[in-house]
Amino acid sequence: MTRAMLLTVPALLLGIAAARADEAQIHLKDAPGHETVETVCSVCHSLDYIRINAPFLTEQGWQAEVGKMVKIFGAPATPEEAQAISTYLAKNYGKPPG
Amino acid sequence: MLERRSVIQGLAGALAAPLLRARPAGAAVPLTTGLPAGEYETAALEALPGKRPLIKLSYRPPNYETPLSYFGEALTPNDVFFVRYHLAGIPEATDAETWKLAIAGECVENPLTLTIADLRSGFEPVEIEAVCQCSGNRRGLSDPHVPGVQWGLGAMGNARWQGARLKDILAKAGLKKDAIEIVVKGADAPVLDTTPGFVKSLPAWRALDENTIVAYAMNGSPLPHFNGAPVRLIVPGWTATYWMKHLVSVEAVAKPFDGFWMKSAYRIPIGKFPVVDRFVSQEAPGVPTTPITEIVINSLVLTPDLHQRAGLPVELDGIAWDAGYGIARVEISTDGGADWQQATLDEERSRFGFRRWRYRFTPPKPGSYTVLAKASNHAGQTQADRLIFNPAGYHNNVPRPSMVIAT
């Protein structure tokens, strides 16, 4: 067990570095609001969360998600930033109209 | 022997991780059908340290599901067991030597601090085989889709868990009669102080169930880091939201715990699902929801789509599981749900584990045959024919089709 633990420590450090590098490969669409999304959302989670949750939320759906992130999870966004994020997500990762 | 093997696999997994980043374009990710379109574009087979490649849904916090091919093994190997975290503040290394578990709260007479050695030597060791299944398993198949981690079929696994009974630990701490809930916390934490930490509670009666254990081993080896090392709570029959990883604190309280992860998250509409266990102290007048509790009865066809000559048999097999009432029968349809025949069940290994079923089918003539499996248990519960929609996408146990193509 002790041996297992000792061997696991470098493995973990290596893994965390690998995860960060992997995460950097996730690209979101370049459109107004993109920078705000990258700055605010990625404080707490990788941006693949957005890609797997698309494209099925309406603008109201994305507003609700962003609202939950700010009000419940304490995401550091001003009301203007939260609005910019919702608009970006609805336009680029929202339910297609019709 | 097991330990050495897991160490070697752990290292192999860790070393493989950087190589995997350069994965060939188009490497097939074994996702099921019906998930949000974006998931097919971004999910990837990736290995976390100590793990073989799993289906990566999100890097941070890490959410990785187990490919279905591994459920053919009676016990899901530790290095392919699914990984689920809400919050990205995961301890980088969990040192079993210095780890401590605090037993406290207003409803214990003698607060305790336990080490791994205390847990192993101070309490009767018990072992139980049980399915650990994320509440949100199959959320990605909700119709319409609902936000959250878009799990397919593999946010679950079956393992043998070894540890001490929580009731023995609480007895040693002198649990008082007025305890109504037991609050559990892990060492993982949010990134920001403003985010509610992942804290859960169990009804005292469920915490005192003889099958609720504080586990220090999984399938005969130490728990993998990403499955809650060095110690996690095991609540057989209930969904994994209660199976607290990296367990560091157990508190007995006389009032319902009112954290976000109990009051707002992990709740289902009251009366929509045929569950027996209710977490009544977390219900309130005028509130139409109740905490998720039991795993609903479910099954899977594990045989991939098969091709065979008409008139020759194919051997279909799969698994069924439930909250521990015991699988009574599994019925198979080869015509998309019109007619059903009973499958043969392997012996029950554990009433909380995966139960294997087998069915021989001979396609009578050329054509496509839609295979469905439907399990029933000793509590009279059967899988739902149609999705019972709920806003968090929980409890999806609609039979999943598989194909046999006869030529």
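Below, read A as the first sequence line, B as the second, and so on, with proteins coming before strands; counting in each chain starts at 1.
Contact check on A:D48 versus B:K56 returns a salt bridge, with a Lys/Arg side-chain nitrogen under 4.0 Å from an Asp/Glu carboxylate oxygen.
Ranked by heavy-atom pairs shorter than 4.5 Å toward chain B, the options A:I72, A:L57, A:V43, A:I52 are led by A:I52. The greatest number of non-hydrogen atom pairs below 4.5 Å with chain A, out of B:P62, B:S264, B:P147, is found for B:P147. When each of B:P36, B:S58, B:G89, B:A37 is checked for heavy-atom pairs under 4.5 Å with chain A, B:S58 comes out on top. Interface summary for chain B: among A:S46, A:G61, A:P76, the most heavy-atom pairs under 4.5 angstrom belong to A:S46.
Between B:H145 and A:F56, the ring planes are tilted. Angles from 30° to 60° get that label.
With a 4.5 angstrom heavy-atom cutoff, B:V146 touches chain A only via backbone atoms. With a threshold of 4.5 angstrom between heavy atoms, B:N63 approaches chain A through side-chain atoms but not through N, CA, C or O. Heavy-atom distances place the side chain of A:I26, and not its backbone, under 4.5 Å from chain B.
Across all their heavy atoms, B:G38 and A:P55 have their closest contact at N-CD, 4.3 Å. Heavy-atom minimum distance, A:C44 versus B:L192: SG-CD1, 3.7 Å. Contact between A:Y49 and B:Y85 at its shortest, heavy atoms only, is OH-O, 4.1 Å.
The CZ atom of A:R51 lies 13.0 Å from the CG atom of B:L57; values are rounded to the nearest 0.5 Å. Rounding to the nearest 0.5 Å places OG1 of B:T195 at 9.5 Å from CE of A:M69.
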Report task. Could you go through the side chain to side chain contact (heavy atoms under 4.5 Å, CB included) check for B:R60 and A:H45 one step at a time? Result -> CA-CA 5 Å; B:R60 179 174 56 95; A:H45 63 81; 5.7 Å; no

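Counted within 6.0 Å of NZ on B:K263, heavy atoms from surrounding residues, nucleotides or ligands total more than 12; the atom is thus considered enclosed. Atom CD of B:E127 has more than 12 neighbouring heavy atoms from other residues, nucleotides or ligands inside a 6.0 Å radius. Around the NZ atom of A:K91, the shell of radius 6.0 Å holds no more than 12 heavy atoms that belong to other residues, nucleotides or ligands.
In terms of modelled atom types and a separation under 3.5 Å, the side chain of A:N53 and the main chain of B:G148 share a donor-acceptor contact.
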